[in-house]
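Take a look at this one; I'll ask things after.
Chain naming here is simple, since letters A, B, ... match the order of the sequence lines and numbering starts at 1 in each.
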There are 2 protein chains.
Amino acid sequence: MPRAGLDRAAVIAAGAALADEVGFAGLTMGRLAERVGVRTPSLYKHVAGQEDLNRGIAALALAEAADAVGTATQGRAGRDALTAAAHAFRDFVLAHPGRYAATIGVEPTGPDDPITVAGLGVLDSFSAVLRSYAVPPAEMDHALRTVRSSLHGFATLQSANGFQWSADVDESLEWLIALLDRGLRSASPQ
Amino acid sequence: MPRAGLDRAAVIAAGAALADEVGFAGLTMGRLAERVGVRTPSLYKHVAGQEDLNRGIAALALAEAADAVGTATQGRAGRDALTAAAHAFRDFVLAHPGRYAATIGVEPTGPDDPITVAGLGVLDSFSAVLRSYAVPPAEMDHALRTVRSSLHGFATLQSANGFQWSADVDESLEWLIALLDRGLRSASPQ
DNA sequence: CAGCAGTGGCTAATGGCGTTAGTTTGTAGC
DNA sequence: GCTACAAACTAACGCCATTAGCCACTGCTG
């Protein structure tokens with residue numbers, strides 16, 4: 001019988017894909033093992049346990065989100081860049097709800113934690129957008145947190161079906177983008 | 001041996017309190033039973049199972065959040081009301097991270113679901129704030145979603161220690177509030 | 001005050017999941 | 001081809017959620 005030929009990256013990638021399909025709560029070691037063609041305990045040769053798997057998926061998801069936002073905003077500036085970033089981020093969360101859910105509630109252990117690094121990558125991608133607005137350097141961190149919070153909140157609420165009533169959700173995203181744009185353009189004069 | 005004298009509300013309240021202490025993921029039927037002085041299966045006389053318990057906690061948390069925001073904004077208007085609402089909401093999430101986490105990812109089953117009702121209560125509380133801004137009625141839903149998303153995202157990220165680097169988090173909240181205020185005051189002129 | 005019903009508690013048992021220990025076996029390098 | 005390492009396996013444990021079935025306290029009815 002040939003070996004499965006797994007490694008840590010393959011296990012985490014398969015876990016992320018499975019989480020997207022069955023939901024983060026439905027991601028189980030047994031199901032993941034079946035998915036990659038192996039018995040459950042064999043997974044422990046590649047990941048230390050479910051906690052470690054979750055953290056790996058979270059780091060992957062953050063890195064992918066950073067990449068999606070970064071490439072979407074390439075060569076754009078101002079509102080154009082903000083719009084592209086918001087859509088890229090939101091679309092990523094909707095397309096990969098399970099792996100993004102893994103990022104919620106993970107506590108980075110320190111500055112070398114891959115989760116920390118990937119999280120900073122997301123911020124870098126948004127930084128590039130904000131640099132084309134005239135945000136005073138001293139307020140950059142606040143602006144970054146504001147944009148990140150707004151888009152994180154919007155994407156997770158939409159992903160969880162948190163927007164129930166009638167109005168069109170895409171229109172709401174445009175409205176949010178417009179509000180952020182107005183607010184960022186007038187960032188300096190308190 | 002005297003009876004414990006539990007009912008559904010008491011079980012859910014104890015579950016919410018326990019979730020705040022040990023984290024939503026650490027909320028287990030066994031721990032909850034021990035907490036209320038009863039054996040695990042006895043809980044099933046009051047809640048249908050863990051799913052039902054979670055939904056009850058979520059509905060409770062949303063109702064409490066709505067109340068916190070509603071009372072904080074009593075008699076206030078405009079930016080004053082927005083500031084009070086934002087702080088009340090954020091402080092509630094920080095003070096009750098476990099029960100608020102229960103609200104993430106629950107899907108309301110229908111219009112009579114207590115979760116739906118409580119969720120609408122939260123929106124009502126924010127609506128009262130937005131009514132003192134000159135948001136065109138047609139855009140009210142979008143404004144509501146924008147404010148809700150921003151505060152939900154900010155509160156959950158802060159609650160999960162998602163803001164790692166140096167800048168003061170309370171200052172960031174003030175900055176977010178200021179941005180929302182600017183954006184809402186100029187809501188109409190595209 | 002007695003009896004009766006209902007309800008809230010209990011014990012016992014099941015199945016699934018995460019995890020660990022210990023064993024086998026494929027595979028890469030000499 | 002032998003050896004050694006790594007990747008798979010089987011077996012077993014403990015925790016958790018859940019169900020079935022039993023018992024006893026409580027409150028109503030006569």
Is the phosphate of D/dC9 approached by A/S42 (side-chain N or O, under 4.0 Å from OP1 or OP2)? yes
Roughly how many Å is it from NZ in A/K45 to C1' in C/dG26, rounded to a whole number? 14 Å
How long is the line joining CZ of A/R8 and P of D/dA6, in whole Å? 17 Å
B/L53 has an atom CG; how far is it from atom P of D/dC16, in whole Å? 15 Å
Specify the separation, in whole Å, of atom CD of B/E34 and atom C1' of D/dA17. 16 Å
Specify the separation, in whole Å, of atom CG of B/D7 and atom C1' of C/dG8. 12 Å
Sorted by chain and residue number, the salt bridge (charged side-chain N to carboxylate O under 4.0 Å, His left out) partners of B/D52 (sequence neighbours excluded) come out as B/R8
Taking B/T116 for its side chain and B/G110 for its backbone only, find out whether a donor-acceptor pair lies under 3.5 Å. yes
Could you tell me whether the phosphate oxygens of C/dG9, OP1 or OP2, come under 4.0 Å of any side-chain nitrogen or oxygen in B/H46? yes
Tell me the interatomic distance from A/L6, atom CG, to C/dT27, atom P, rounded to whole angstroms. 14 Å
Those residues that, when tested against A/F163, pass ring-ring contact (aromatic ring centres under 6.0 Å, His included) (two or more places apart): A/F154
With 3.5 Å as the limit, what N/O pairs link the protein to nucleotides 18-21 of chain C?
{"from": "C/dG18", "atom 1": "OP1", "to": "A/T28", "atom 2": "OG1", "distance (Å)": "3.0"}
{"from": "C/dG18", "atom 1": "OP1", "to": "A/M29", "atom 2": "N", "distance (Å)": "3.1"}
{"from": "C/dG18", "atom 1": "OP1", "to": "A/Q50", "atom 2": "NE2", "distance (Å)": "2.8"}
{"from": "C/dG18", "atom 1": "OP2", "to": "A/T28", "atom 2": "OG1", "distance (Å)": "2.8"}
{"from": "C/dG18", "atom 1": "OP2", "to": "A/M29", "atom 2": "N", "distance (Å)": "2.9"}
{"from": "C/dG18", "atom 1": "OP2", "to": "A/G30", "atom 2": "N", "distance (Å)": "3.3"}
{"from": "C/dT19", "atom 1": "OP2", "to": "A/Y44", "atom 2": "OH", "distance (Å)": "2.7"}
{"from": "C/dT19", "atom 1": "OP2", "to": "A/Q50", "atom 2": "N", "distance (Å)": "2.8"}
{"from": "C/dT19", "atom 1": "O5'", "to": "A/Y44", "atom 2": "OH", "distance (Å)": "3.3"}

Any donor-acceptor N or O pair under 3.5 Å, side chains B/D20, B/Y100: no
SB check B/E21 B/R35 (cutoff 4.0 Å): yes
Would you call B/E64 and B/R99 a salt bridge, taking side-chain N to carboxylate O under 4.0 Å as the test? yes
Atom CG of B/L43 to atom P of D/dA17: distance rounded to whole Å? 10 Å
